[in-house]
Every structure is written in structure tokens, then in C-alpha cells.
Amino acid sequence: MLKGNITKSGGSRPEGHYQPPGEIFDNLPVAIYTCDHVGYITSYNQAAVKLWGRAPQIGRDLWCGSWKIFSIDGTPISLDDCPMARTLKTGIAIAGEEIIVQRPDGQQVPVRVFPTPVFDGKGIMTGASNTLIDLTEQKSSDGEKTRWASIIESSEVAIVSKTLDGIITSWNKAAEHLFGYMAEEIIGKPVLLLFPEDRLEEEVEILGKICNGEKVEHYETYRLTKTGVEIPVSLTISPIHDARGRVIGASKIVLDISKQKTYEEKLQRYTENLEIRNTIGKVISESLDIEAILQQVTDVTTQVTGAAFGAFFYNKLDEHGESYMLFTLSGAPREAFEQFGMPRNTAVFHPTFSGDEIVRMDDITKDPRYGKNHPHYGVPKGHLPVVSYLAVPVISKSGAVIGGLFYGHPEPAKFTLEHENLVAAVAIQAGIALDNAKLYEEVQKLNSKKDEFIGLASHELKTPVTSLTGYLQIISRRLSEGDVNKPFIDRAIHQVRKLSGLISDLLDVSKIETGQLPLSPTAFDLKFLVQEVIELQQYGTKSHRIVFQSDLDVLMVTADRQRLEQVIINLLSNAIKYSPVADQVNVSLSKIQGKAVLSVQDFGMGIAAEQLEHVFSRFYRVEDMAAHISGLGIGLFISREIINRHQGRLWVESQQEKGSVFHFEIPLGLPV
Ligand code: ADP
């Protein structure tokens with residue numbers, strides 16, 4: 001086909017014009033041209049024009065349509081030494097030499113050339129044809145492949161591939177590093193070599209997905225290294241397709257997630273530890289009950305250390321001076337200990353009860369201090385077996401060793417440094433909580449002693465003061481009206497009455513503390529009672545005018561009349577006492593939503609907001625303002641208790657320097 005289109009030049013410069021090659025020749029997708037035996041181009045097709053980037057001049061251009069050619073390594077080749085020239089000189093065909101031709105615009109095109117001599121019937125070489133195959137695409141796809149291969153090889157991530165039968169077909173450097181197998185020893189071997197025994201079925205599952213053309217992403221699992229170590233990995237597995245789109249294998253990206261796993265585990269443990277410390281810290285610092293604190297500490301620490309049992313022993317020897325006192329126990333019945341003697345003053349326990357150090361042993365039976373003492377020489381027979389051992393002293397702020405926390409486990413190496421640190425932290429918190437609980441216990445004891453004293457003293461004082469009042473009244477009655485001594489006796493009576501009131505109040509406090517303040521309810525008119533009390537108070541005070549306001553005619557209530565009188569007197573006398581520069585006190589009584597409401601308002605010194613609730617506490621007095629006004633700080637305490645006992649409430653609204661309003665409300669009928 002080609003031959004027929006070649007223009008014969010007969011060795012000289014062809015005279016004729018370019019003869020268009022046949023259509024087939026012209027439309028061939030490969031570049032073809034011919035030269036005469038001297039080398040002048042005699043014909044070429046369109047593909048050749050495209051490749052050269054120019055159309056050569058027939059009969060003028062020699063050997064090649066491109067002016068510049070290079071060998072594949074980039075060295076220029078002179079045109080008269082180009083493959084076509086060589087074929088024409090030697091008469092020998094060149095089968096596929098690679099050269100680079102340069103287009104007029106400078107672009108270089110790699111080509112493979114096939115110059116072939118053409119002979120006439122007599123065997124004389126009349127010229128040559130040349131076929132040029134453009135290698136651009138092939139070169140770039142080769143380059144791509146090489147680039148990918150080198151990326152995969154140098155990747156820090158392990159990348160492997162396998163066939164659908166699970167045979168490893170490629171293995172990069174990172175895979176060598178991760179698994180310990182060299183490429184040459186693992187390629188061709190089954191991928192199952194890398195699977196831990198209990199995970200073999202994963203391969204079936206993964207292959208199933210791959211065969212369906214699915215990708216498996218971030219599959220977290222474990223794989224085996226050459227030395228048999230299991231490592232946590234994250235796998236991303238993708239199907240490999242052939243040119244026709246069929247799945248022929250799988251590529252695997254293997255990420256070593258050991259560090260991530262360790263970090264995650266560490267973080268988790270750290271968070272858990274923190275949570276435990278916080279919870280236990282909160283629980284034990286809120287409690288003032290020594291037993292509850294120690295039980296909580298023992299329970300939680302036994303649980304988190306995974307101990308078979310945990311116990312707290314007080315640093316107190318028993319009456320024989322031998323065994324330490326077992327206080328709380330977790331994870332084992334008390335009999336398990338009590339049957340077999342307690343920790344004794346031996347070398348093993350010494351560091352704990354002396355507060356010297358924490359003892360943590362993977363195997364206490366191997367410790368030289370162990371098993372030296374009569375009669376058991378170690379853990380007594382039948383006792384809970386102890387191999388792993390942890391003992392942490394609990395120390396008070398004063399430095400005294402309160403006791404020790406002990407943990408045991410029948411297997412070795414159960415307690416870690418982390419357990420030790422956790423228990424040590426809890427032991428510090430426990431030490432503080434126990435100190436506080438002890439202080440609280442002592443304060444409680446002192447308090448109840450004080451209450452006892454107040455009860456006793458007021459009781460003892462009451463009798464002589466009552467008889468004193470009686471005698472003074474007799475003397476007063478015996479004196480005639482004009483007697484010079486009468487005013488003194490009357491003043492004495494007034495003072496003794498005041499004293500008697502104070503003693504009654506103290507007695508009331510003591511009754512409240514012991515829960516013995518009885519109420520005797522009767523039905524009466526509260527309005528009448530209020531008016532009576534006001535009258536009495538007004539009689540005794542000249543400095544203030546007590547103004548009473550009420551829209552009610554009567555207000556019948558069922559309550560303890562005497563106790564309510566006590567409350568009203570207290571509120572009124574306080575209002576007068578704590579408003580020394582004012583001259584009026586307002587009292588109002590009303591019925592609101594089925595309740596009797598009484599308010600006493602003064603225009604005195606008032607009470608600071610932060611003191612408002614304290615004024616109802618026992619023995620509480622506002623320091624600065626009330627300092628020069630006498631009182632015991634129990635009137636409001638008793639009043640609130642009385643009102644509370646009536647199922648009502650007593651409260652105050654106040655503004656400093658403006659005055660206070662004390663209110664109480666009680667149900668009309670005291671519920672029985
Ligand atoms: P006492 O008056 O004997 O101190 P109370 O229990 O009656 O005891 O009152 C407790 C404290 O409340 C008083 O010391 C005083 O500081 C404050 N207080 C009570 N009533 C008033 C009031 N009307 N105005 C200002 N402060 C008051």
C-alpha cells in the first residue's frame with residue numbers, strides 16, 4: 001500500500017510536483033514518509049505533518065521533516081546521521097530506534113522510527129520509507145506508573161496488595177518495617193500469615209466485600225508481625241480492577257495505630273482516675289461520718305484496683321498490744337479476717353503504720369520481710385491468699401498515721417503504679433476528711449456538753465430566782481404605800497423578773513435542743529392577745545409609740561397562747577431595743593389565705609442582707625450594731641422554733657439604717 005504511493009525520484013531531484021498520496025495513506029494514523037535514494041523527501045502523510053509540526057518541501061527537505069532531532073538521552077543528532085540517512089547509506093532497515101524530534105515551536109516528541117530501504121526489481125535501492133510512532137502517551141503513562149511505584153515504595157504508610165486468593169503480590173518498605181517481613185520473603189505467601197488466629201474469619205468478610213467491588217475503610221483490628229506480636233492497625237482495603245473492570249485483587253493501606261491506641265487508653269484511664277478522685281473527693285469531703293468515709297474509700301479503691309479485698313486498719317493496737325484494729329472491709333466477709341488474726345506489728349506492716357512508705361509488691365511472699373513471724377509465718381492457713389499486695393498509709397495533717405489501706409489479690413502483679421498513685425491520692429483526701437470528721441465529732445461532743453450545762457444551770461437557777469421573787473413580793477405587800485423602801489423593792493422585783501425571763505429563755509433553748517418544747521394549744525382570739533401585749537409593752541416604754549392596725553374584729557386561732565405571747569413580746573421588745581433613735585413601732589394583724597399574719601415594723605438600725613438568716617441562729621447577735629445593746633441572741637431562735645412548731649413561718653425584711661419588719665404567719669387551726 002505504501003509502496004504504491006511512493007514517488008520514485010530516480011536518485012535525482014524530482015522534477016514533478018508533490019503527488020498527493022492515496023487517501024488511505026494520507027488518513028493512516030501513523031506518520032509515514034518516503035525519501036529517494038539521495039534522501040530527498042518524496043512523500044509524507046498528514047500524521048507525519050502533525051508529528052513534525054510542519055509540512056516538509058518535497059524534493060527539498062532531506063531525510064527528515066523535522067529540522068532538529070536528538071537521541072533519547074538528549075544529545076543532538078545531525079540530520080545526515082539520522083536513522084533514515086543511515087538506512088539510505090547502508091541499505092539496512094532500522095527496526096524501531098527511539099529518537100526525539102523537535103517541532104518548529106520547540107516542542108519535543110519522542111518517536112520510534114522504522115526506516116526501511118526500498119529496492120526496485122533489479123535489487124537497486126531506490127529510496128526508503130519511514131514509519132514514526134509517537135511515543136508521547138506511552139512515555140507519560142510509563143512515567144506515571146514509575147512515579148506511582150516510587151511513591152508507594154517510599155510511602156511511610158504500609159501498602160500491600162494481594163490476589164483474590166489472598167496471595168500477597170506487593171509489599172512496600174513501610175510494610176517491611178511494620179511487619180518485619182522483607183518483600184522477597186512475603187510476596188507470594190498467603191496474607192493469612194499476618195492474621196491472629198482468632199481473627200482469621202475477618203479475611204472472608206473482607207474478601208466478600210472486595211469481590212463485590214466495595215471498599216473497606218478504617219477497619220480497626222489487630223495483625224501479627226513476623227515475631228508474632230499483635231499490633232493494632234487501621235486498614236483501608238480497595239479492590240484492584242483489570243482493564244475490563246473485573247476485580248482481580250485488593251490493595252491494602254495498613255496504619256499502625258498502636259500509639260493512638262496507647263494514647264486513647266491512657267486518656268481513658270486518666271479521665272477515669274480523675275472522675276474517681278473527684279467523685280470520691282466530693283463524697284468524703286461532704287461527709288462528716290468517719291465510718292461512712294472509710295467504707296466509701298475502701299469500697300471504691302478496692303473496686304478500681306481490682307483487688308480481691310481491701311481493708312482499712314486503724315493504727316491502734318488491740319488491748320493485748322498485738323493486732324491492728326480492722327475498721328472497714330470490702331470484697332470479703334468480716335469473718336474471713338476476724339478468724340485469722342489481724343495485721344500485727346511485723347516487718348511487713350511496719351512501713352505502713354509508721355507512715356514511712358507505700359508498699360506495692362507483685363508477690364509479697366517473695367519479700368524478705370515476709371513469713372518471719374510466729375505463729376503463722378506468712379498469711380495464716382485458710383486466710384484469703386495474698387500474693388499481690390498494696391498498702392498505703394493514711395496520714396493526718398498533724399503527721400500522725402491514722403491507719404492504713406490494704407489490698408490483696410491471690411495472683412501476682414495485679415497492682416500497677418497507676419493503682420498505687422490513685423490510692424495514694426485518695427488516701428490524702430481521706431486523711432483530710434478524717435481530720436475534719438474528727439474535729440466535727442469533737443465539736444459535737446463539746447456542744448452537747450455545753451447544752452447539758454445550759455440545761456442544768458438554768459434549771460438550778462430557776463428555783464432560787466422563783467423563791468426570791470416570791471419573798472420580794474411578800475415584803476412589797478407588807479410595806480405601806482408611802483414607805484421610803486418601797487420603790488427599791490419594786491425595782492428589785494422588776495430586775496428579778498427580768499432575770500427569771502432570761503433563765504426561762506435559756507431553759508427553752510435547752511428544751512428545743514433536746515426536742516422537749518411541748519405546745520399546749522387552745523382556741524383564743526389572737527387580736528385580743530396582740531392588743532394585750534402591746535398595752536403591756538407600751539406601759540413599760542416611754543420612748544416609742546406602738547401603733548396597732550387591724551381590720552379584723554376578732555381572729556380566732558388554735559395555738560399555744562403563752563408561746564405566741566412570748567414570740568410577740570420578743571418581736572416588740574426587739575423592735576424597740578434596736579431602734580433607739582426612732583419613736584414609733586407599727587404592728588399589724590391580718591388574715592391572708594386562711595392564715596393569721598402578724599407584722600412588727602421598726603425604723604431602727606436594720607440588718608445587713610448577709611446577716612438576715614443568721615439572726616435566727618442560736619446565740620447569734622449582729623456584732624457591730626448590737627454590741628452596746630444587751631441580749632443573749634436566743635429570742636429569735638426560740639421564736640422561730642415556736643412558729644415552726646405551729647407549722648408556720650417567721651421571717652424578716654430589713655434595710656440597714658431604715659428599719660426591719662418581722663413577720664410571722666400561722667395556720668388558724670394548729671394541725672394535730
Ligand atoms: P437578742 O436581741 O437578745 O440579741 P434575738 O435572738 O432576739 O437576740 O436577736 C438576735 C439578733 O438579731 C440581735 O442581736 C440583733 O443583732 C438582731 N435583731 C433582732 N431584732 C432586730 C431588729 N428589730 N432590728 C435590728 N436587728 C435586730
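Please read these numbers as outputs of a predicted model, since none were measured by experiment. Atoms within each ligand, like the ligands themselves, are counted from 1 in listed order.
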Visitor: Does any N/O atom on Gly635 come nearer than 3.5 Å to any N/O atom on ligand 1?
Guide: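 For ligand 1, there is an N or O atom that lies under 3.5 Å from one belonging to Gly635.
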Visitor: Considering the heavy atoms of Gly631, write down every atom of ligand 1 situated less than 4.0 Å from one of them.
Guide: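 Counting atoms of ligand 1 from 1, those under 4.0 Å from Gly631 are 3 (O).
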Visitor: Counting neighbours of NZ on Lys658 that are heavy atoms of other residues, nucleotides or ligands and sit closer than 6.0 Å, is the number greater than 12?
Guide: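 No, not enclosed.
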Visitor: Quick check: are there more than 12 heavy atoms from other residues, nucleotides or ligands sitting under 6.0 Å from CG of Asn278?
Guide: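 More than 12 heavy atoms, drawn from other residues, nucleotides or ligands, come within 6.0 Å of this atom.
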Visitor: Just distances here: any N/O of Leu632 and N/O of ligand 1 closer than 3.5 Å?
Guide: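 Looking only at distances, the answer is yes, because the N/O contact criterion of under 3.5 Å is met.
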Visitor: Might you confirm whether atom CD of Glu535 has over 12 heavy atoms from other residues, nucleotides or ligands at distances under 6.0 Å?
Guide: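 Open.
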Visitor: Centroid-to-centroid, Phe662 to Phe664, below 6.0 Å?
Guide: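 Centroid separation for Phe662 and Phe664: 6.0 Å or greater.
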Visitor: Could you work out, with side chain to side chain contact (heavy atoms under 4.5 Å, CB included) as the rule, every residue matching Leu417, not counting sequence neighbours?
Guide: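 Counting only residues at least two positions away or on another chain, Leu417 forms a side chain to side chain contact (heavy atoms under 4.5 Å, CB included) with Arg360, Glu420, Asn421.
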Visitor: Which pairs of donor and acceptor atoms, one on a side chain in residues 494-507, lie under 3.5 Å apart (sequence neighbours left out)?
Guide:
unit_1: Ser504; atom_1: OG; unit_2: Lys462; atom_2: NZ; d: 2.6
unit_1: Ser504; atom_1: OG; unit_2: Ser500; atom_2: O; d: 3.0

Visitor: Measure Leu636 to ligand 1 on non-hydrogen atoms and call it side chain, backbone, both or neither using the 4.0 Å cut-off.
Guide: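 Under 4.0 Å from ligand 1, Leu636 contributes backbone and side-chain atoms.
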Visitor: Distance-only, no hydrogens or angles: does the Asp435 side chain make a donor-acceptor pair with backbone N or O of Lys397 under 3.5 Å?
Guide: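 Checking the backbone N and O of Lys397 against the side chain of Asp435, a donor-acceptor pair under 3.5 Å is found.
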Visitor: Within a distance under 4.0 Å of any heavy atom of Arg621, pick out the atoms of ligand 1 and give their elements.
Guide: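 In order of numbering, the contacting atoms are 1 (P), 4 (O), 14 (O).
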Visitor: Is the closest heavy atom of Gly633 to ligand 1 under 4.0 Å?
Guide: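 The answer is yes, since Gly633 has a heavy atom less than 4.0 Å from ligand 1.
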Visitor: Would you say the rings of Phe349 and Phe406 are close, in the sense that their centroids are separated by under 6.0 Å?
Guide: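 Yes, they do, as the ring centres are separated by less than 6.0 Å.
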Visitor: Is the closest heavy-atom distance from Lys577 to ligand 1 below 4.0 Å?
Guide: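 Heavy atoms of Lys577 do come under 4.0 Å of ligand 1.
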Visitor: Taking Thr558's backbone N and O only, do any of them form a donor-acceptor pair with His646's side chain (distance below 3.5 Å, no angle check)?
Guide: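 It does not hold such a pair.
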Visitor: I'd like to know whether ligand 1 has Phe616 as a neighbour, heavy-atom separation below 4.0 Å.
Guide: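 No; Phe616 lies far enough from ligand 1 that no heavy-atom distance drops under 4.0 Å.
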Visitor: Please say which of Leu294, Ile293, Val300, Thr298 ends up in a side chain to side chain contact (heavy atoms under 4.5 Å, CB included) with Gln296.
Guide: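 Answer after filtering Leu294, Ile293, Val300, Thr298: Val300.
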Visitor: Find all atoms of ligand 1 within a distance of less than 4.0 Å from any non-hydrogen atom belonging to Ile634, and give their numbers and elements.
Guide: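 Near Ile634, the atoms of ligand 1 are 6 (O), 8 (O).
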Visitor: So is there a nitrogen or oxygen of Val622 less than 3.5 Å from a nitrogen or oxygen in ligand 1?
Guide: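 Yes: some nitrogen or oxygen of Val622 is under 3.5 Å from one in ligand 1.
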Visitor: May I ask you to list the atoms of ligand 1 that are less than 4.0 angstrom from any heavy atom of Tyr620?
Guide: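 The atoms of ligand 1 under 4.0 Å from a heavy atom of Tyr620 are 10 (C), 11 (C).
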Visitor: Check each heavy atom of Ile629 against ligand 1 and say whether those closer than 4.0 Å belong to the side chain, the backbone, both or neither.
Guide: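 Ile629 to ligand 1: no contact under 4.0 Å from either part.
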Visitor: Which option wins on minimum heavy-atom distance to atom 21 (C) of ligand 1: Tyr578, Phe619, Phe637?
Guide: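 Selected option, by shortest heavy-atom distance: Tyr578.
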Visitor: Enumerate the atoms of ligand 1 whose separation from the nearest heavy atom of Val615 is less than 4.0 angstrom.
Guide: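 Counting atoms of ligand 1 from 1, those under 4.0 Å from Val615 are 10 (C), 12 (O), 17 (C).
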Visitor: Give yes if a backbone or side-chain nitrogen or oxygen of Phe662 is under 3.5 Å from a nitrogen or oxygen of ligand 1, and no if not.
Guide: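 In fact, backbone or side chain, Phe662 has no N or O that close.
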